[in-house]
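Contents: one structure, followed by commentary.
Whatever order the structure lists them in is the order used to number ligands and atoms, beginning at 1.
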Amino acid sequence: MSRSTPIYAAMRSIGAYVPPKILSNADLEKMVDTTDEWIVKRTGIRERHIADKDVATSDLAVEAARDAIARAGLEHEEIDLVLCATVTPDYFNMPSTACVISDKLGIRNVQAFDISAACSGFVYGLSIAKAFIESGMKRNVLLIGAEKFSSIVDYTDRSTCILFGDGAGAAVISATEDRDEGIIDIHASADGSYADFLMTPAPGSVHPASCEVIEQGLQYVKMKGNETFKLAVKTLTKDVKEILEKNSIPAEKIDHFVPHQANYRIIKAVGDALKMREDQTVLTVGKYGNTSAASIPMAINDIYEEGRLHYGDLMLLDTFGGGLTWASALLPFAGRN
Ligand code: UT7
């Protein structure tokens with residue numbers, strides 16, 4: 001590939017992993033004051049998967065990454081950048097989970113780092129992979145979204161514990177000269193003035209680990225659910241309309257609308273505003289709950305494994321999460337079945 005030839009970034013493959021153990025709504029009924037009916041009506045969630053105590057986020061990630069690398073037809077040594085989007089890293093400070101994953105996969109001496117953008121992490125990561133590839137700095141990026149979200153959930157707080165699950169998704173993003181295979185566009189934004197809508201207050205430099213932190217439960221995720229819900233619908237509808245208009249792509253041309261799987265009602269409201277048909281919209285929230293940075297690649301993997309995702313299919317991704325952060329992306333799938 002000569003220096004003057006434009007290079008594009010193509011999603012060559014997808015993979016995902018969910019831990020086997022299921023936490024159902026019936027299980028949650030025994031733990032907090034809630035009902036299956038309330039959870040299904042307000043969120044669309046029926047069950048979520050929870051990793052065992054001795055399983056780390058990197059363990060989930062490695063399973064997803066192995067599939068993604070194999071499906072891209074690559075050897076592990078051909079990966080030259082490892083990115084892991086997560087808010088439940090193996091270790092809060094260092095090493096990064098991307099470093100741990102690289103080691104477990106035997107990928108040595110390549111750049112590896114984590115992305116902290118909560119539920120938007122995978123699409124943020126896509127924009128980073130695109131920039132590295134289009135600048136010619138990297139050729140094969142392993143992009144992972146992985147969460148052991150159960151590690152930061154307070155299972156006595158009914159307003160959050162019903163929502164989240166564990167899992168991982170991974171994609172290989174590779175350089176291509178074929179413009180038709182390349183990621184078309186990515187929007188990624190943030191507004192830190194809404195930081196307290198969705199946060200884990202500790203541990204960190206504001207509240208280092210201490211007995212008080214544990215006593216007050218500051219290590220758990222806190223969410224202003226209803227406020228976040230309303231802002232998510234408003235922001236995503238605007239953002240997704242803008243990316244479609246900017247690229248002159250009408251909603252009916254989208255083969256797969258893959259939204260972040262936080263709440264069925266958010267997905268439905270944004271989908272309705274775009275006049276998205278049901279068969280265009282990918283829905284996995286019912287069986288996985290909200291898996292944060294893993295939710296979008298897990299959803300893409302679902303349609304891949306069902307045989308519904310084909311080379312050249314046009315995908316629209318959208319996501320919203322802690323920060324607050326949000327992002328949308330337009331891209332063809334450039335992998336083979
Ligand atoms: O992924 C990152 C972004 N996250 C999101 O986008 C999530 C956004 N938020 C949501 O999905 C929804 O706001 C929730 C599912 C978290 C809550 O649904 P809601 O319709 O916004 O309910 P609410 O928070 O306004 O609460 C309504 C009522 C309250 O009772 P009162 O005050 O009306 O008596 C809550 O205490 O529902 C109660 N409630 C519950 N009741 C039964 C809250 N959680 C539960 C529960 N079971 N698990």
Side-chain angles (χ1 to χ4, degrees), residues 23-48 85-88 115-124 145-150 152-167 169 188-192 194-200 220-240 258-271 273 282-286 288-299 317-328:
L23 181 67
S24 68
N25 290 352
D27 296 328
L28 285 162
E29 281 179 352
K30 293 179 206 134
M31 296 159 66
V32 288
D33 181 14
T34 192
T35 60
D36 172 59
E37 192 196 355
W38 190 96
I39 302 172
V40 172
K41 197 168 156 209
R42 298 287 179 123
T43 70
I45 301 169
R46 293 182 184 278
E47 57 189 35
R48 63 295 286 144
T86 186
V87 286
T88 49
I115 300 158
S116 177
C119 305
S120 308
F122 185 81
V123 186
Y124 265 55
E147 305 282 9
K148 186 181 181 182
F149 214 94
S150 58
I152 56 166
V153 166
D154 176 357
Y155 284 98
T156 64
D157 174 8
R158 70 174 183 175
S159 69
T160 53
C161 74
I162 55 141
L163 299 171
F164 297 99
D166 301 338
S189 308
D191 186 343
Y194 293 106
D196 66 337
F197 272 34
L198 184 45
M199 73 188 308
T200 43
Y220 294 128
V221 66
K222 318 277 177 208
M223 181 167 67
K224 294 184 178 175
N226 198 260
E227 290 92 328
T228 308
F229 180 100
K230 286 180 194 150
L231 204 56
V233 172
K234 196 170 129 197
T235 309
L236 287 176
T237 304
K238 182 169 174 289
D239 200 54
V240 171
V258 190
H260 170 48
Q261 308 284 320
N263 185 318
Y264 172 70
R265 286 154 60 216
I266 299 178
I267 296 169
K268 175 96 174 72
V270 177
V282 180
L283 264 185
T284 57
V285 69
Y288 300 141
N290 181 350
T291 57
S292 182
S295 105
I296 287 184
M298 283 170 67
L317 319 181
D318 84 11
T319 184
F320 190 87
L324 291 173
T325 55
W326 61 96
S328 53

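When distances from atom 32 (O) of ligand 1 to the protein are checked, no heavy atom turns up under 4.0 Å. For atom 3 (C) of ligand 1, a protein heavy-atom neighbour is found at a distance under 4.0 Å. Put simply, atom 29 (C) of ligand 1 has no protein non-hydrogen atoms near it, under 4.0 Å away. Of the protein's heavy atoms, at least one falls inside 4.0 Å of atom 11 (O) of ligand 1. Checking atom 41 (N) of ligand 1 against the protein gives a heavy-atom contact under 4.0 Å.
Scanning all protein heavy atoms for the shortest distance to atom 8 (C) of ligand 1 gives G225 O, 3.6 Å.
In the displayed structure, R46 atom CZ is contacted under 6.0 Å by at most 12 heavy atoms of other residues, nucleotides or ligands. Annotation: Y155, atom OH; neighbour count of heavy atoms from other residues, nucleotides and ligands within 6.0 Å is above 12.
Taking only non-hydrogen atoms, the option from M223, R42, H260 nearest to atom 19 (P) of ligand 1 is R42.
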Problem - Working for side-chain contact (heavy atoms from CB on, under 4.5 Å), residues L236 and H260 - result: CA-CA 10 Å; L236 287 176; H260 170 48; over 6 Å; no

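In this view, R158 and D33 satisfy the salt bridge (Lys or Arg N to Asp or Glu O under 4.0 Å) rule, not counting sequence neighbours. Applying the salt bridge (Lys or Arg N to Asp or Glu O under 4.0 Å) rule to K222 yields no partners; only residues at least two apart in sequence or on another chain are considered.
Side-chain contact, E147 with T291: no donor N or O sits under 3.5 Å from an acceptor N or O.
Listed by atom number, the atoms of ligand 1 under 4.0 Å from C119 heavy atoms are 1 (O), 2 (C). Listed by number with element, the atoms of ligand 1 under 4.0 angstrom from any heavy atom of N263 are 10 (C), 11 (O), 12 (C), 15 (C). Proximity to I162 (heavy-atom distance under 4.0 Å) selects the following atoms of ligand 1: 48 (N). Annotation for ligand 1: atoms under 4.0 Å from non-hydrogen atoms of F320 are 1 (O), 2 (C), 3 (C).
Taking the side chain as every heavy atom from C-beta outward, D318 and D239 never approach each other to under 4.5 Å.
Neither the backbone nor the side chain of I39 has any atom closer than 4.0 Å to an atom of ligand 1 (non-hydrogen atoms only). Under 4.0 Å from ligand 1, not a single heavy atom of V32 appears. Contacts of W38 with ligand 1, taken as heavy-atom pairs under 4.0 Å, involve the side chain alone.
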